[in-house]
Amino acid sequence: MVFSQIITFASTFTTIFLGIFIEALPYLILGTLASGIVEVFVKREALFMRLPKNRFFGVLMGALLGLIFPVCECGVVPLTRRLYTKGLPPAIGIAFLLAAPVLNPIVILSTYTAFGFGVIFWGRMVISLVVAVITGLIFSMLPESELLIPINEVPVCSTHTHSGSEKQSFKEKILQSASIAIEELFEMGKYLILGGLLAALMQTLLPQNTLLAMGTGPFISILLLVALAVLLSICSTVDAFVALSFAASFSTGSILAFLIYGPMVDIKSIFLFTRVFKKKTVAYLAIIPLFLVVLITLFINYRLGI
Amino acid sequence: MSQRRFRMFQAFLMAALGFFLLERFWSGRLTLYIHQRFTWLILLAAFALMALGLIAFNNRPPIWIHEEDLLVPKLAPQNAGWLLLIFSIPLMLGILVPATSLGASAAQTRGVSQAIPLSAGGSSPSVLTLDPINRNLLEWLRAFYTAEEPADLVGQPVDVEGFIFINEALPDEYFMVGRFVITCCVADATAIGIAFLPVEGTDIPNGWVRVQGKMTVATFDGKTTLLIEADQVTTVDEPDQPYLYP
């Protein structure tokens, strides 16, 4: 009896874990490939020159950068880390990190497909932008050394690196970005796997319906769906379809909270964050958006009278 | 661990993971984990992994590294062993633990949803015009929620497949037939189910069944739900596609 229960538990756990892992893998690979390309092809000075000098516009630009780099929350972390080594100011990177998983063409399209142009669609886009910009501005008041952990430069495995480092052929450059992508894939993949294991464990032990049955009040429903978003750790490119299944029974504010906070922070992204930021920063990165999202969506719930 | 050996392990792991994904696709088991519309994305990832594996293998450091060539370190990073071990977890789990779809026991622990996933796009559901005998569990529940008079559904013939599970809230003679509905991957799987009342004396098997009978409605705890008056409950093989998609 006990033995068969263990088997059932193990297979359910494995299925859910592999579901999370396999679904996130293409996006992680995309992010690491983008990171490799940025490292090899983007010059540090070129990036610096295009950054606005004004703090507010810098952060705003960071938040909108996802429109050019279409990445979800798994891909955005390696890319941000790479941009930091190219001299991107931390605050702009944080705004990018928080907003890009929502404000990018793929997610805009999937949100529209699921909900059409309405309160949910515009609410998701605008509030994500506002939360990312405010959080970025808060972090811009802190010195860089307090936020980031130093990145140790990974050696490049190409055997060609020693021959003429200034004039690399295009093929060598491609090979080099692939090598960097591989390094990133293993480093970031580690956190995706650990985060996925934890998320699968929580899901196997803690039934989703117990959580959802706890209440649909204007405040409780927000907390519940935020908790669910963190637990589920599903990719932002598809979470709109998942949210659709709650739309009938949950308040508009809580659906928005699910769609805004989930892409910013969930179990697997917290694990990925620890590769880039110091522990204290990771904690603030989870708490500040949480506070803002709950506050704004609660206001929406009361305004809409739900 | 030497840098060379580390690279070769990395190359092997990436290629193996790529092959693993391809194997799951060939054997039709990829959809145990994800919605079928992401299949192309996973195949792309599989090919990318194999290509990266090939690149890593072709560019492994040579056995002999010249003294002056300090750009290629002799030793792998300190946590190399851990990296490789953690990266092999998905592979090991995938190979060692038999691949199963979420079924009755998962429905028991996850609970059954009352909220029915709406169809993506929100177009007007045509479930009501569907021939009742062709409706699956999800379509029955949708028909129930969209019908102006649920009583209209009473008496219609039912022929559905699903797994058997027990709902503690119902009296002993009632059983549930259920399916999991997934919108993106199994992480968001929600169980749905309809209660059925077998003819007295019917032996109710475990696992996957086909339930045939007539639809009716019943009230449990003040809530009106669908109920199948089952004439026949037969054991069937698990369908190739165990999940339903909204």
Side-chain angles (χ1 to χ4, degrees), chain A residues 8 10-23 25-26 29 33 113-116 154-162 175 178-179 181-182 185-187 189-190 193-194 196-197 199-200 203-204 207-210 212-213 232-235 238-239 241-242 244-249, chain B residues 3 7 10 14 21 24 30 32-35 38 41-42 44-45 48-49 52 55-56 59-62 69 71-73 77 82-84 86-87 89-90 93-94 97-102 105-106 109-118 120-122 181 183-190 246:
Chain A
T8 312
S11 64
T12 305
F13 169 79
T14 305
T15 306
I16 294 174
F17 166 70
L18 285 177
I20 296 174
F21 176 71
I22 293 177
E23 202 259 333
L25 195 58
I29 294 174
L33 288 177
T113 316
F115 289 98
V154 275
V156 177
C157 72
S158 166
T159 48
H160 301 286
T161 40
H162 57 280
L175 275 180
S179 303
I182 292 168
L185 186 61
F186 273 77
E187 268 217 61
K190 179 172 90 178
I193 290 165
L194 293 176
L197 287 172
Q203 276 208 41
T204 323
Q208 175 180 327
N209 277 64
T210 341
L212 292 181
L232 286 181
S233 292
I234 42 171
C235 182
V238 290
D239 62 354
F241 299 108
V242 176
L244 203 57
S245 59
F246 311 127
S249 40
Chain B
Q3 182 73 8
R7 296 287 170 218
Q10 278 188 318
M14 283 188 288
L21 293 178
R24 287 290 130 117
L30 198 55
L32 292 181
Y33 309 113
I34 50 145
H35 192 296
F38 297 113
L41 207 58
I42 309 303
L44 223 57
L49 280 169
L52 286 175
I55 290 176
N59 290 280
R60 67 197 184 279
D69 197 357
L71 276 168
V72 183
W82 280 111
L83 271 185
L84 295 173
I86 292 173
F87 214 76
I89 290 176
L93 279 177
V97 182
T100 49
S101 63
L102 295 187
S105 61
T109 49
R110 286 171 86 92
V112 182
S113 171
Q114 291 305 315
I116 301 307
L118 304 164
V181 178
T183 33
C184 110
C185 64
V186 283
D188 66 64
T190 353

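Throughout, a chain's letter reflects where its sequence line sits, starting with A, and its residues are numbered from 1. Predicted model, so just to flag it, every value in this text is computed and none were measured. Excluded from the calculations below are hydrogen atoms, water molecules and symmetry mates; all remaining heavy atoms, backbone and side chain alike, are included.
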**Test applied, side chain to side chain contact (heavy atoms under 4.5 Å, CB included); reference residue, B/P90; option that passes from A/T14, A/I20, A/L25, A/L18** = A/L18
**Message:** Would you say that A/L197 contacts B/L93 through its side chain, given a criterion of any heavy-atom pair below 4.5 Å between the two side chains?
**Reply:** yes
**Item:** Contact check, side chains of B/F38 and A/I22, non-hydrogen atoms, under 4.5 Å
**Value:** no
**Message:** Quick check for you: to the nearest 0.5 Å, what is the distance between A/I182 atom CD1 and B/Q10 atom CD?
**Reply:** 7.0 Å
**Request:** Please flag which part of B/L44 lies under 4.5 Å from any non-hydrogen atom of chain A: side chain, backbone, both or neither.
**Result:** neither
**Message:** Just so I understand: if I count every heavy-atom pair under 4.5 Å between each of A/I16, A/T15, A/I29, A/T8 and chain B, which residue has the most?
**Reply:** A/T15
**Asked** If you look at every heavy atom in A/P26 and B/I42, which pair is closest and at what distance?
**Response** CG-CD1, 3.8 Å
**Complete:** Closest non-hydrogen contact found for A/S11 with B/V97 is CA-CG1, 3.8 Å
**Item:** Close side-chain approach of B/I86 to A/F186, heavy-atom, < 4.5 Å
**Value:** no
**Request:** Tell me, for B/A99 versus chain A, whether the close heavy atoms (under 4.5 Å) come from the side chain, the backbone, both or neither.
**Result:** neither
**Request:** Answer with side chain, backbone, both or neither: which region of A/F21 has an atom nearer than 4.5 Å to a non-hydrogen atom of chain B?
**Result:** side chain
**Asked** Taking the side chain as C-beta and beyond, is there a heavy-atom pair between A/L175 and B/I55 under 4.5 Å?
**Response** yes
**Prompt:** Under a 4.5 Å heavy-atom cutoff, which of B/L41, B/L49, B/I34 has the most pairs with chain A?
**Reply:** B/L41
